[in-house]
Amino acid sequence: MSAILEKNPLATLSLWSRRLPAELGILLVLLGIGLAFELFGWAMREQSFLMNSQRLVLMILQVSVIGLLAIGVTQVIITTGIDLSSGSVLALSAMVAASLAQTSDFGRAMFPALTDLPVWVPVMAGVGVGLLAGVINGSLIAATGIPPFIVTLGMMVSARGLARYYTEGQPISMLSDSYTAIGSGAMPVIIFLVVAAIFHVALRYTKYGKYTYAIGGNMQAARISGINVKRHLIVVYSIAGLLAGLAGVVASARAATGQAGMGMSYELDAIAAAVIGGTSLAGGMGRITGTVIGALILGVMASGFTFLGVDAYIQDIIKGMIIVVAVVVDQYRNKRKAKR
């Protein structure tokens, strides 16, 4: 074998590349994008993009909320599913949590008898709303066989409508200091990284992860091998909903307000982060580390385009193109895998 490799440098290179971490290529893309914005920054604005600590902090804080959604969406996509409801569930969870985090100093509190509550009450309420939405998604998909796209699309519309109906479109303000502390400083980033570490371990080293990949790789084979596919799908979608609820808590705490328009189009950013990070839409492939890098790529691009003064509408166009390119790359990777 070694003699063959010595005579065939291409084979050596191919074997060496397969041994490299799958996320290395995505990380190099992230570094390349950052350096490109650095060069454009000096050429167009005579300023540094990477050396501005305030800009980088704001970028990472924004990424932390989308990243929480992307971690849940990654696990759903690995099972060959999809979750279009995460952004709307974030908004509904944020509204419910914020309504229970108001202080008694505010004369127009939504629930005057439920002000100045311990911080864990609004947090658990927000996370609970997300969990309930995830259970409903998973149960409908598992029990009825309706495509995940349709089920989560229905939840996306319903949850956004409930968020608006909850306060008739009015924002919720005057939240307690203990609640807003969840979104202050580096706390959102810490929460994001802790959650990412937990589910990285869960997917790679636990039975939960093995079942998730098995279902995504071949659902029928997973059933034959004894995996309760329906129950596991409910668990996966419940986790995605729970993380959307947690993201709603973090987002409302960071903004010190709850608004029905929160999380608009975040579900697309979460899906994009997962796909850019190497999660296959065909299922059975994906890692949390790749999703984290994918979320950072989106954050760097959004911050970089704003830094260069690119119109927001143009940014959306470019983001859409990136999603399409990521899917094309995913399809090409699947075809190569099938040939091997």
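Just so it is clear, the structure is predicted and the values come from calculations on it, not from any experiment.
- Between the side chains of Gln62 and Arg254, at least one donor N or O sits under 3.5 Å from an acceptor N or O.
- Paired with Met155 under the rule side chain to side chain contact (heavy atoms under 4.5 Å, CB included), one option of Ile136, Leu84, Leu92 passes, and it is Ile136.
- With rounding to the nearest 0.5 angstrom, the CD atom of Gln75 is 9.0 Å from the OG1 atom of Thr291.
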_Worked check of side-chain contact (heavy atoms from CB on, under 4.5 Å) between Ile82 and Ile77_ = CA-CA 5 Å; Ile82 198 73; Ile77 294 177; 4.2 Å; yes
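- Annotation: Asp316, atom CG; neighbour count of heavy atoms from other residues, nucleotides and ligands within 6.0 Å is above 12.
- Ring geometry for Tyr211 versus His232: interplanar angle over 60°, hence perpendicular rather than tilted (30 to 60°).
- Taking hydrophobic clusters as Ile, Leu, Val, Met, Phe, Trp and Tyr residues chained together by side-chain heavy-atom distances below 4.5 Å, Met110 does not share a cluster with Tyr165.
- A distance of 10.5 Å separates CD of Gln102 from CG of Leu117, quoted to the nearest 0.5 Å.
- Put simply, the side chain of Ser86 reaches to within 4.5 Å of the side chain of Val73, judged on heavy atoms.
- Tracing side-chain contacts under 4.5 Å through hydrophobic residues (I, L, V, M, F, W, Y), one never reaches Ile198 starting from Val201; they form parts of separate clusters.
- A distance-only check finds no donor-acceptor pair linking the side chain of Thr80 to the backbone of Ala282 [under 3.5 Å].
- Annotation: the span from Asn228 atom CG to Ile215 atom CD1 amounts to 8.5 Å, rounded to 0.5 Å.
- Counting heavy atoms from C-beta outward, Trp42 and Phe49 have side chains that stay 4.5 Å or more apart.
- No donor-acceptor pair under 3.5 Å is formed between the side chain of Tyr179 and the backbone N or O of Ala256.
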_CA sep, side-chain torsions, deciding dist, call: Leu30, Ile26, side-chain contact (heavy atoms from CB on, under 4.5 Å)_ = CA-CA 6 Å; Leu30 172 62; Ile26 310 167; over 6 Å; no
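- Side-chain atoms of Arg45 come within 3.5 Å of backbone atoms of Phe307 as a donor-acceptor pair (strictly under, hydrogens ignored).
- For Arg231, the CZ atom sits in a loose shell: 12 or fewer heavy atoms of surrounding residues, nucleotides or ligands are nearer than 6.0 Å.
- Placement of Val157 and Met264 in two distinct hydrophobic clusters is found when ILVMFWY residues are connected by side-chain heavy-atom separations under 4.5 Å, directly or transitively.
- In this structure, Asp83 and Glu267 have side chains that are not in contact, with every pair of non-hydrogen atoms separated by 4.5 Å or more.
- In terms of modelled atom types and a separation under 3.5 Å, the side chain of Thr115 and the main chain of Thr103 share no donor-acceptor contact.
- Side chains of Thr79 and Tyr237: no donor on one and acceptor on the other come within 3.5 Å.
- Expressed to the nearest 0.5 Å, how far CG of Leu233 lies from CD1 of Ile227 amounts to 10.5 Å.
- Under a hydrophobic-cluster definition in which Ile, Leu, Val, Met, Phe, Trp and Tyr are linked whenever side-chain heavy atoms come within less than 4.5 Å, directly or via other members, Val310 and Met301 are assigned to the same cluster.
- For Tyr313, the OH atom sits in a loose shell: 12 or fewer heavy atoms of surrounding residues, nucleotides or ligands are nearer than 6.0 Å.
- Side chain of Ser238 to main chain of Ile234: a donor-acceptor pair is present (N/O by atom type, distance under 3.5 Å, no hydrogens or angles).
- Taking OG1 of Thr74 as the reference point, atom CG of Leu203 lies at 8.5 Å (rounded to 0.5 Å).
- Distance alone, capped at 3.5 Å, is enough to place a donor-acceptor pair between the Thr167 side chain and the Gln170 backbone.
- Checked by atom type and distance alone, the side chain of Ser93 never pairs as donor or acceptor with a backbone atom of Leu90 at under 3.5 Å.
- Hydrophobic clustering (side-chain heavy atoms under 4.5 Å, transitive across Ile, Leu, Val, Met, Phe, Trp, Tyr) keeps Ile33 apart from Leu58.
- Under the 30°/60° scheme for interplanar angles, the aromatic rings of His200 and Tyr205 are found to stand perpendicular.
- You'll find the side chain of Ile71 reaches within 4.5 Å of the side chain of Ile288, heavy atoms only.
- Checked by atom type, the side-chain pair Ser48/Glu38 shows a donor-acceptor distance below 3.5 Å.
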